Amino acid sequence: MTARGLTPSLLLQLLVVAGAAGARWRGQGTTPHLQSIILGRCAEYDALVNPDPRGRNCTAIWEAFKVVLVKDPCSVLPSDYDRFIDLSRHSIPRDKSLFWENNHLLVTSYSENGLRFLPLCSVLYGRIGDFLSWCRQENASGLDYQSCPTSEDCENNAVDSFWKRASMQYARESSGVISVMLNGSEPSGAYPVKGFFADFEIPYLQKDKITRIEIWVMHEIGKPKVESCGEGTVKILEERLKKMGFQYSCINDHLPVKLLKCVDHSTHPDCVLNSAAASREIPPLWAEHGASHIVPFLVALASAVHM
Amino acid sequence: MANHRCGSVSEEEPCCDISKKTKICLCVFFGLLVAVIIAVPVGILMWRHPLQEWKGKGTTAHFYEILLGRCYTYTQIVRPELGHKDCQKIGKAFTTAFLSKDPCSSTEQDYQPLLELTAQTVPCNKTLFWSKSSQLAHDYTRVQGDLFTLEDTLLGYMADGLKWCGDPRSSEMNYQSCPDWREDCSNNSFSVFWNAVSKRFAEDACGVVHVVLNGSISNTFDERSTFGRVEVFNLRPEKVHQLQAWVMHDVGGVHRPIRLLQCVKNPEPSSCRFYV
């Protein structure tokens, strides 16, 4: 049956059937081996990152998380994660909180695994869910590995409710200087007026624990600067914080973060470092002709470096 | 009837006739008996399987759960092209390599099955070695997602930062202590593992390979380091036609992207300002 031979209504019917046979929802399906990954992340956090002297019970944390996996994929509320949060929460060091919108990877790189800053994805409950997806099947009890609902499918989906609950907790436990990284090259605006930061973090910030809020508006290297401090949605954010009584400041292209962005664009004109340093640059040295020459070369190189 | 009743009553009577003192003695006796019945097997078990004591830190807590979780994270999320790998098999092969064995007699053969299951192709020109520059090299590959240090390969990712060893008289991991390379023995299960994977990582490298060296210490190229001892000698001349060494100092160095990375850590020097 060629396309030419199909009537419009038959084509439409075929498309409907094809759609039904395809994914039910718009989002990625449940991550395979979800339980092993979550147990492993929890164990790793407890053994290597931030051991709890009382000892964390990762099995109990998994059991608490699991409760949402039996619920209808569009009926999961943030409060369904209350017990999970209760078991996995821990304090956040002062001045280490980093909120963000539209620059997940940059935040992950900059925070250096929690060494420099501790964004939500570096605290235990955030780490557990980072980059994962999960939901129950619509009409059966097992997990749906094909697709899961996004906010466009339904509001009370498992993943969004998780991040809403986690965001609220993270904001509540933040103290000292609060940092916020926004993307000033984002066409729809640096500060999403409806988003996780606006709806589930700002309202839960504890005024008595916070000294001030620092906003960094970062721009993509070589891309247009859609908004900067004091403009557009950034202005809306600044005014909101002012109204709430917070002390705040705003910086365009905060230097350490811009330096990090430049690692990927080191030859771009916007990324050229001070000329005084540039003149000291030595061209990269290389060795050919195989391994037997490499050792003496490296020894010579090492001694040359110290001359 | 009366006789029977008297008979049954008389059978009960010895109980009521036993003195309180005797009752106490009997209770104590039975208590001791139970204690001995429990204590002896436990004592025998413990005497037969005391774990060896070493100078180094013991196996990382929850070693197996961490290993498995990392394997799945790597094969499902970090490099989904490896989604076909069987993490259960890989985890088993890993522990089989050192459990119930003398942790000071480890050989590369012990790890062969594990190496086979975790074989991975690193694209040419994407191999990055490091020596005394771990933080910097890994910060760099975290940003430059297409470059690989050993710790960015499946097996390196799984084992990074973990410690492990077994005991010949037990099927358990030794969480108390593990051999220290210098103070106990050099052929320990931990060091042998890293030598074996480093060797393979170097053997597999092709094209242009890079190494990040630390120019701010006295032994920039240390012939006793894993890079100097193992990796350099296992590069294949027919596959590797160029080695680029990036010698980084505490303030500045040869390779611009890495220098930018250093500036991120310490943006104070004037050399870290942008040219305007």
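Within every chain, numbering begins at 1; the chains are lettered A, B, ... in the order of the sequence lines, protein sequences first and strands thereafter. Note that this is a predicted model, so its numbers are computed, not measured.
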Atom [atom1] of residue position [X] - does it have more than 12 heavy atoms of other residues, nucleotides or ligands inside 6.0 Å?
X        : atom1 : result
A/Gln146 : CD    : no
B/Lys239 : NZ    : yes
A/Gln28  : CD    : no
B/Trp181 : CH2   : no

Looking only at heavy atoms, what is the nearest atom pair of [X] and [Y], with distance?
X        : Y        : result
A/Pro32  : B/Gln76  : CG-OE1, 3.3 Å
B/Leu68  : A/Ser36  : CD2-OG, 4.5 Å
A/Arg116 : B/Val264 : NH2-CG1, 3.6 Å
B/Cys272 : A/Leu255 : O-CD1, 4.1 Å
A/Ser266 : B/Leu260 : CB-CD1, 3.8 Å

Is chain B contacted by the side chain of [X], its backbone, both, or neither, given a heavy-atom distance below 4.5 Å?
X        : value
A/Leu105 : neither
A/Tyr45  : neither
A/Asp270 : backbone
A/Thr31  : side chain
A/Leu260 : both
A/Leu115 : side chain

Distance in Å, [X] [atom1] paired with [Y] [atom2], rounded so as to fall on 0.5 Å steps:
X        : Y        : atom1 : atom2 : result
A/Gln35  : B/Tyr72  : CD    : OH    : 10.5 Å
A/Leu48  : B/Lys163 : CG    : NZ    : 13.0 Å
A/Asp46  : B/Ile66  : CG    : CD1   : 8.5 Å
A/Cys262 : B/Arg259 : SG    : CZ    : 12.0 Å
A/Cys42  : B/Glu65  : SG    : CD    : 10.0 Å
B/Thr73  : A/Glu44  : OG1   : CD    : 8.0 Å

Heavy-atom distance under 4.5 Å to chain A: side chain of [X], backbone, both or neither?
X        : value
B/Ile77  : side chain
B/Phe63  : neither
B/Gln135 : side chain
B/Arg70  : side chain

Can you tell which of B/Asp222, B/Leu67, B/Asp139, B/Thr60 has the highest number of heavy-atom pairs within less than 4.5 Å of chain A?
-> B/Asp139
May I ask you to test the B/Phe274-A/Leu273 pair for a side-chain heavy-atom distance under 4.5 Å?
->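 SC-SC contact between B/Phe274 and A/Leu273 confirmed.
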B/Lys265/A/Glu112 ion pair, N-O < 4.0 Å =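 Looking at A/Glu112 together with B/Lys265, the answer is yes, because their closest N to O distance falls below 4.0 Å.
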